[in-house]
Protein chains: 2
Amino acid sequence: MGNIHDIARLAGVSASTVSRVLNNHPYVSTEKRQAVLDAAEQLHYEKNINAVHLSRGKTETIGVILPYVNHPYFGTILSGIAAAAEENGFKLMIVQTKYDVNQEIDALNMMKLKQVDGLIITSRECPIEMVEDYSTYGSIVLCEAWTGSQMSSVYINHFKAFKEAITFLKDRGHSKIGYTIVRVDGKSSIARRNAYEEVFHYVRDEWVFDNSLTIEDGVRVAGEWKELEKRPTAMLITNDFVAAGFILECRRLGFQIPGDVAVIGFDNHPIAAPLGITTIDLPLQRLGEIAFQQAISPTEITHQEVPFTIVKRESV
Amino acid sequence: MGNIHDIARLAGVSASTVSRVLNNHPYVSTEKRQAVLDAAEQLHYEKNINAVHLSRGKTETIGVILPYVNHPYFGTILSGIAAAAEENGFKLMIVQTKYDVNQEIDALNMMKLKQVDGLIITSRECPIEMVEDYSTYGSIVLCEAWTGSQMSSVYINHFKAFKEAITFLKDRGHSKIGYTIVRVDGKSSIARRNAYEEVFHYVRDEWVFDNSLTIEDGVRVAGEWKELEKRPTAMLITNDFVAAGFILECRRLGFQIPGDVAVIGFDNHPIAAPLGITTIDLPLQRLGEIAFQQAISPTEITHQEVPFTIVKRESV
DNA sequence: GTAAAGTATGAAACGCATTTCAGATCAAGT
DNA sequence: ACTTGATCTGAAATGCGTTTCATACTTTAC
């Protein structure tokens, strides 16, 4: 198959000229250009991309850290990233962490090793300072509210979204509002608690259901909700999958939505429409696209909040 | 930051010795080993992985071709692949094709360029011969029924699964059975038609709904189903998402499941349980894990059919 | 006591493309 | 006729780690 020098020899030119032809540089005579092209063809030449990476010092590859690839929230962000990557001729390296810190560090190290030019962190477990340390090796994009000067960020204002959702419920007469979160110490969980406290001054712990990420979790939460002595009359739920599980299980248990319990979900996942779930639409695909753009623009650090909108359906 | 030669100089050894230490080769004296480690520490040495890739001629990276990353079917396979990759210290490069042939070719070329050691094709658009040509550059794993000698495969027997589902419905008295497919010329669509013909000898075209991949498609199909003069009394549906859309829309339109129309889905996605969808459980996570193992075992070509099971719920 | 086997080390070759620098040529401008 | 500036071209340096081969010194084995 040969390399660039073989082509050079066969075409009677130097390796530099071959490289120029192969990279469409100007200043190569038509005859030599053709000779190189012919020789490359004849030798069935294929670039060794690793040599290019080594030589150029970059790989046109972006790493993506996400806890679960097949979760609709992260999957949709990933889809947006992938679409933008394709458009820009970049490759994508994904690391599914399952919320494991070591996996995350592994991914961060890909940048240190020059395996990727940039890194998009859709969900973070490591301390932020640690992540920031890595920003010397390449561009890091955080999908969370963050305004430091070393890393870009693109995020949904969970505090605002949650507050708006609570207010929406309060305005409709609800005062007993429960909510679900993924992990108690998660960043958006804290934002939710803060928002809740700002509206109601007090969070009743038994109305906070953690570990809610999947449909099954929604089913489980419905069971837990049912057993409460003082049941919330409304629930703000992590995402539409959890909401779907919750609503379907509530119905199975004989409760009415929104009669017995009103529900607001998050994401505006396609499942929300046929289930009539009132939800907060999050432009996740778009968020992914922005994250990608930030990742390939290491020089300009920006912080972009993407808007959300309440989609009113029948669950409230 | 320095490279291996800087370390060698500082430690007073040769680059070969440094490489040996860094790769845990035996035959290095304790003193020199320590000297190298100290020097590496002192220089904050970090390997340039691209040099390693170039030198070794492989990247410990597997490429994954899939049409949509955020689709539950492919997302779950990907999740299995990702889990196996992590366990084996491999990286993953993903290419979201959106069923675009050029994207697929792009991905195939990653192997030619030595960017990835192997490739897992979860869904294929290119002619099989073309894909096979690439198998000289690395290991290719197909997630479809295939028994050639150059590429491994891991797949669900769609013909068998579909036939079993139809028989299941027929045994329960259904003779007017419709079904949905993704694309008319898709491989599993052909398998479905064949299975259908084997049971009923004749496929009524208006009972075949194509372009059914998402929840929205399910909603649309429900509308189409309603408008038929002769409505099927049972539907075999592409996957549980489409089934969910179909069922929810049917209910909204005032029909009973399974009274007016029985439904069987595919995948056994978590949404199927709370919706009571009778479905064919497909071990997609496992399929992904197997695919990965095959991808990193280029020497042994295997063909593995993974089993499916009918999960009986209330939609039939 | 000598052959065989094991341990330890470095030089050099290998993998390969890109890019800078210096030199050469040719056309255009004054 | 002479200076610029643009167009070509190749040698050599650069990016960097791995691995083979040759060599030399120790042990063990018989």
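Letters A, B, ... mirror the listed sequences (proteins, then strands); counts begin at 1.
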C:dA17 phosphate, OP1 or OP2, under 4.0 Å from A:Asn23 side-chain N/O: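 No, because none of the side-chain N or O atoms of A:Asn23 sits under 4.0 Å from OP1 or OP2 of C:dA17.
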
Phosphate-side-chain proximity, B:Tyr27 and C:dA8, N/O vs OP1/OP2 below 4.0 Å: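 Answer no for this pair, as no side-chain N or O of B:Tyr27 is under 4.0 Å from OP1 or OP2.
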
Measure the distance from [atom1] on [X] to [atom2] on [N] and round it to the nearest whole Å.
X	N	atom1	atom2	value
A:Glu60	C:dT18	CD	P	12 Å
A:His25	D:dG10	NE2	P	15 Å
B:Leu54	D:dG15	CG	C1'	10 Å
B:Lys114	C:dA17	NZ	P	10 Å
B:Leu113	C:dC16	CG	C1'	13 Å
A:Lys58	C:dT18	NZ	C1'	12 Å
B:Arg56	D:dT20	CZ	C1'	15 Å

Sugar-phosphate only, base, or nothing, as touched by A:Val13 at under 4.0 Å among non-hydrogen atoms: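 Answer is sugar-phosphate: A:Val13 comes under 4.0 Å of backbone atoms only.
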
Touch class at under 4.0 angstrom, heavy-atom based, for A:Ser19 against every strand present: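 Base contact - A:Ser19 has a heavy atom under 4.0 Å of at least one base atom.
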
Under 3.5 Å side-chain donor-acceptor pair for A:Thr302 and A:Gln294: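 Looking only at side-chain atoms, A:Gln294 and A:Thr302 do form a donor-acceptor pair, the distance falling under 3.5 Å.
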
Modelled atom types, side-chain donor and acceptor of A:Asp6 and A:Tyr45, under 3.5 Å: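 No, no side-chain donor-acceptor pair sits under 3.5 Å.
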
A:Tyr68-A:Tyr73 aromatic ring centre distance below 6.0 Å: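 No: the rings miss the under 6.0 Å criterion.
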
Test side chain to side chain donor-acceptor pair (under 3.5 Å) applied to A:Glu144 and A:Arg124, A:His158, A:Lys187, the passing residue: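 When A:Arg124, A:His158, A:Lys187 are each tested with A:Glu144, the side chain to side chain donor-acceptor pair (under 3.5 Å) holds only for A:Arg124.
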
Residue B:Lys114 excluded, over 12 heavy atoms near NZ under 6.0 Å: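 12 or below, so no.
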
Minimum-distance nucleotide (side-chain atoms of B:Asn3 versus C:dT9, D:dT9, D:dG17):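 Of C:dT9, D:dT9, D:dG17, D:dG17 is nearest to the side chain of B:Asn3.
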
Pair listing, salt bridge (charged side-chain N to carboxylate O under 4.0 Å, His left out) test, anchored in residues 28-37 of chain B, at least two apart: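 Residue pairs with at least one partner in residues 28-37 of chain B: there are none.
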
Rounded distance (nearest 0.5 Å) linking atom CG of A:Leu108 with atom CD1 of A:Ile65: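 Going from the CG atom of A:Leu108 to the CD1 atom of A:Ile65 covers 5.0 Å.
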
Salt bridge (Lys or Arg N to Asp or Glu O under 4.0 Å) between B:Glu125 and B:Arg183, worked out: CA-CA 11 Å; B:Glu125 287 290 295; B:Arg183 290 155 309 137; 2.3 Å; yes

From CA spacing to verdict: side-chain hydrogen bond (donor to acceptor under 3.5 Å, both in side chains), B:Asn23, B:Lys47: CA-CA 11 Å; B:Asn23 291 289; B:Lys47 251 187 206 178; 3.2 Å; yes

Polar atom pairs (N or O), protein with nucleotides 11-14 of chain D, under 3.5 Å:
from, atom 1, to, atom 2, distance (Å)
D:dA11, N7, A:Ser16, OG, 3.4
D:dA11, N6, A:Ser16, OG, 2.7

Of residues 28-53 of chain B, the positions that come close to DNA chain C - non-hydrogen atoms, cut-off under 4.0 Å: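 Correct list: B:Val28, B:Ser29, B:Lys32, B:Ala51.
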
